[in-house]
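Labels below follow one simple rule: chain letters A, B, ... track the order of the sequence lines, proteins then strands, and each chain is numbered from 1.
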Protein chains: 2
Amino acid sequence: MTAQRRVVAEVLDGEHVHLTADEVHARAVAKLPEISRATVYNTLGELVTLGEVLEVSTDQRAKRYDPNAHQPHHHLVCAQCGAIRDVHPVGNPLADLPDTERFGFTVSDVEVTYRGVCPNCAAA
Amino acid sequence: MTAQRRVVAEVLDGEHVHLTADEVHARAVAKLPEISRATVYNTLGELVTLGEVLEVSTDQRAKRYDPNAHQPHHHLVCAQCGAIRDVHPVGNPLADLPDTERFGFTVSDVEVTYRGVCPNCAAA
DNA sequence: ATCCTACAATAGACAATGTCTAAAGCAAGT
DNA sequence: ACTTGCTTTAGACATTGTCTATTGTAGGAT
């Protein structure tokens, strides 16, 4: 655990939003000006491997990082502004995939992304 | 409808797999050597706007294009090799998102991505 | 038939995001 | 203090996607 990694962890833990790697870097630089981009990418990768943070890819170009890794949840994305909310649908979509639709895969995970328009964008 | 657009449409229609833009370009060049990358991107964008083709973003870097736009379906992705299969789960996940979990969004669409390991990768 | 206009295609520059490498820094053990 | 090995750094590089200026082309007007 180095100063750099602590800063990255703090950034993610501090704001429970879904930041891009670049946004994480920008906030990390504010706390530790000499931190490099490569370190932020490396640390994010390690956190993902450790299961402390989730990678979320909506259809934007950049991946986003979700610090809420310990509670299963899905995402609701605004098609216009790209805002992301965590949501908790009922039911278990894994159970909705019949064996005949698994094609021999060992299915371990499911990711559900709802798309719509957020209240802000609807008002505008 | 120009020769270039026809070629792009043929490439997508010919193989019912999920190609990246670059793969589409490579196959289009094989049929029409002077086609440019920009034209492929433009045409893919138009096809998406027209609703003839779907954009699929798994967690890879590149978006993939799915010619099977007219039958609702979801995707099963191999975490190791990135292979994608179309699947048809039972049930309607849109109905599984209670009003209290919609946060004022107008939810119009849902995308389900199952992740696992395909038989090929499991054998290796 | 020729010209004009509008749209399409092209090549290549540019931008955004992510990955890799070589060098320097730093910490722990000897 | 020296060595060893891991971490960080800066920046080059790679990939994917977008934009722009130019050229090509098709169809109607003269």
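If you take CD of B/Glu34 and C1' of C/dA8, they are 13 Å apart, rounded to a whole angstrom. Atom CD1 of A/Ile35 and atom P of D/dT7 are 14 Å apart (whole Å). In this structure, B/Arg64 places its CZ atom 15 Å from C1' of D/dG17, rounding to the nearest Å. A/Lys63 places its NZ atom 6 Å from the P atom of C/dG18, with the value rounded to the nearest Å. Between the P atom of D/dT18 and the CG atom of B/Leu44 lies a distance of 10 Å, rounded to the nearest Å. Protein atom CG of A/Leu32 is 14 Å distant from nucleotide atom C1' of C/dG25, rounded to whole Å. Per the geometry, CZ belonging to A/Arg5 stands 13 Å off C1' belonging to C/dC26, to the nearest Å. Rounded to an integer number of Å, the gap from CZ of A/Arg6 to C1' of D/dT7 is 14 Å.
Within a 6.0 Å sphere centred on CG of B/Asp109, other residues, nucleotides and ligands contribute more than 12 heavy atoms. By the neighbour-count criterion of 12 heavy atoms within 6.0 Å, atom CG of B/Asn68 is densely surrounded, having more than that number from other residues, nucleotides or ligands.
For C/dA9, neither phosphate oxygen OP1 nor OP2 lies less than 4.0 angstrom from any side-chain nitrogen or oxygen of B/Ser36. Within the 4.0 Å cut-off from OP1 or OP2 of C/dG18, at least one side-chain nitrogen or oxygen of A/Tyr41 is found.
Considering only heavy atoms from C-beta on, B/Val110 comes within 4.5 Å of A/Tyr114 through its side chain.
Within 4.0 Å (heavy atoms only), B/Arg37 reaches at least one base atom of the nucleic acid. At a threshold of 4.0 angstrom between heavy atoms, the contacts of A/Thr2 are confined to the sugar-phosphate backbone, with no base atom among them.
Between the CD1 atom of B/Ile35 and the NE2 atom of B/His25 there is a distance of 6.5 Å, given to the nearest 0.5 Å.
Under the 3.5 Å distance criterion, with hydrogens and angles disregarded, a donor-acceptor pair is assigned to the side chains of A/Asp66 and A/His75.
The 5' end of DNA chain C is approached more closely, in terms of each residue's nearest nucleotide, by B/Thr43 than by the other of B/Arg61 and B/Thr43. With the nearest nucleotide of DNA chain D identified for both B/Ala62 and B/Asn42, B/Ala62 has the one nearer the 5' end.
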